[in-house]
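Since the structure comes first, as structure tokens, the remarks are kept for the end.
This structure is a prediction, so every number in the text was calculated from the model and none was measured.
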Amino acid sequence: MKKHRIIVVDDDAICLMLTERFLQKIDFNKYVDTLSNGQEAFDFLAANYTVDEMYIVLLDINMPVMNGWEFLDEIKDKCFDNNLDVFIVTSSIDKADIEKAKTYSLVKDCISKPLTSKELSEIKLRYLGDQTCLL
């Protein structure tokens with residue numbers, strides 16, 4: 001089984017802290033990296049990517065430097081399709097954002113902020129099949 005690395009990308013320090021705490025609560029925090037914009041996330045993947053890991057990216061859309069859409073545009077042509085899944089985590093209620101997210105094959109779902117431990121548990125269940133993670 002591949003090791004699962006979670007990359008949380010959000011410019012809001014409080015959202016990053018809460019997501020880390022929720023991941024600890026469901027024991028899904030062994031390999032978590034928190035980054036504050038899409039450029040940091042892209043640079044992280046460029047430097048650390050390996051086919052031996054599964055990457056789950058929790059991606060905010062509206063961030064400085066490189067937003068979520070720009071990040072997705074940068075990585076869409078890279079060879080991440082088999083082991084990188086993106087979950088958009090946003091406070092946007094714009095239906096156009098949800099429709100746009102569907103155009104990216106790497107995006108598996110859109111989740112409204114604030115992110116909850118229940119939603120993270122469902123992601124954990126999806127990837128690890130561990131039913132005991134549900135709260």
Would you kindly confirm whether Leu45 and Met66 end up in one hydrophobic cluster when ILVMFWY residues are joined by side chain heavy atoms under 4.5 Å apart? yes
Which distance, rounded to the nearest 0.5 Å, do you find between the CD of Glu119 and the CZ of Phe87? 11.0 Å
Establish, from distance only, whether the side-chain atoms of Glu53 and Thr50 form a donor-acceptor pair under 3.5 Å. no
What's the separation between atom CG in Asp73 and atom CG in Asn67, rounded to the nearest 0.5 Å? 8.5 Å
So CG of Asp109 and CD1 of Ile123: to nearest 0.5 Å the spacing works out to 7.5 Å
Under the 3.5 angstrom rule, does the side chain of Lys124 hit a backbone N or O of Ile26 as a donor-acceptor pair? yes
Between Met63 and Tyr104, is there shared hydrophobic-cluster membership here, with clusters defined by ILVMFWY side-chain heavy atoms closer than 4.5 Å? yes
For the atom pair SG (Cys110) and NZ (Lys102), what is the distance rounded to the nearest 0.5 Å? 8.0 Å
Contact summary for Ile56 and His4, nearest pair of heavy atoms: CD1-CD2, 4.0 Å
Validation row: Leu84, Val57 side chains within 4.5 angstrom (heavy atoms): yes
Would you say that Ser36 contacts Asp10 through its side chain, given a criterion of any heavy-atom pair below 4.5 Å between the two side chains? no
ring-ring contact (aromatic ring centres under 6.0 Å, His included), that's the test. Do Tyr49 and Phe44 meet it? Break it down for me. CA-CA 8 Å; Tyr49 176 82; Phe44 176 85; over 10 Å; no
Check Asp33 with Arg5, please: is the shortest side-chain N to carboxylate O separation under 4.0 Å? yes
Can you give me the closest heavy-atom contact between Phe71 and Leu59, atom names plus distance? CD2-CD2, 3.7 Å
For the NZ atom of Lys100 and the CG atom of Leu72, what is their distance to the nearest 0.5 Å? 9.0 Å
Are Met54 and Leu58 linked, directly or through other ILVMFWY residues, by side chains that come within less than 4.5 angstrom of each other? yes
Measure across Val107 and Ala101 and return the closest heavy-atom pair with its distance rounded to 0.1 Å. CB-O, 3.5 Å
Verify side-chain contact (heavy atoms from CB on, under 4.5 Å) between Ile6 and Val32, making sure each step is shown before the conclusion. CA-CA 5 Å; Ile6 299 176; Val32 176; 4.2 Å; yes
Taking the side chain as C-beta and beyond, is there a heavy-atom pair between Thr90 and Ile111 under 4.5 Å? no
Electrostatic pair Glu99:Lys95 at N-O distance under 4.0 angstrom: no
Tell me, with the steps shown, if Gln39 and Glu70 meet side-chain contact (heavy atoms from CB on, under 4.5 Å). CA-CA 9 Å; Gln39 185 65 55; Glu70 293 166 331; over 6 Å; no
Are Val9 and Trp69 grouped together when hydrophobic residues (ILVMFWY) are joined by side-chain heavy atoms under 4.5 angstrom apart? yes
Which value, rounded to the nearest 0.5 Å, describes the distance between Lys3 atom NZ and Asn83 atom CG? 12.5 Å
Quick one, Val8 and Leu35 - any side-chain contact, counting heavy atoms below 4.5 Å? no
Provide the closest heavy-atom pair for Pro64 versus Asn37 in the form atom of the first, atom of the second, distance. O-CB, 3.2 Å
Hey, does Leu115 have a side-chain heavy atom less than 4.5 Å from the side chain of Leu120? yes
Please test Glu122 against Lys118 for salt bridge (charged side-chain N to carboxylate O under 4.0 Å, His left out), starting from the C-alpha separation and ending with a verdict. CA-CA 6 Å; Glu122 289 169 1; Lys118 182 178 187 285; 2.8 Å; yes
Taking the side chain as every heavy atom from C-beta outward, state whether Glu20 and Thr34 have any pair of such atoms under 4.5 Å apart. yes
Tell me whether Asp12 is salt-bridged to Lys113, with the criterion being a basic N under 4.0 Å from an acidic carboxylate O. no
Is it possible for you to say whether Ile61 and Ile98 belong to one hydrophobic cluster, with membership spreading through side-chain heavy-atom contacts below 4.5 Å? no
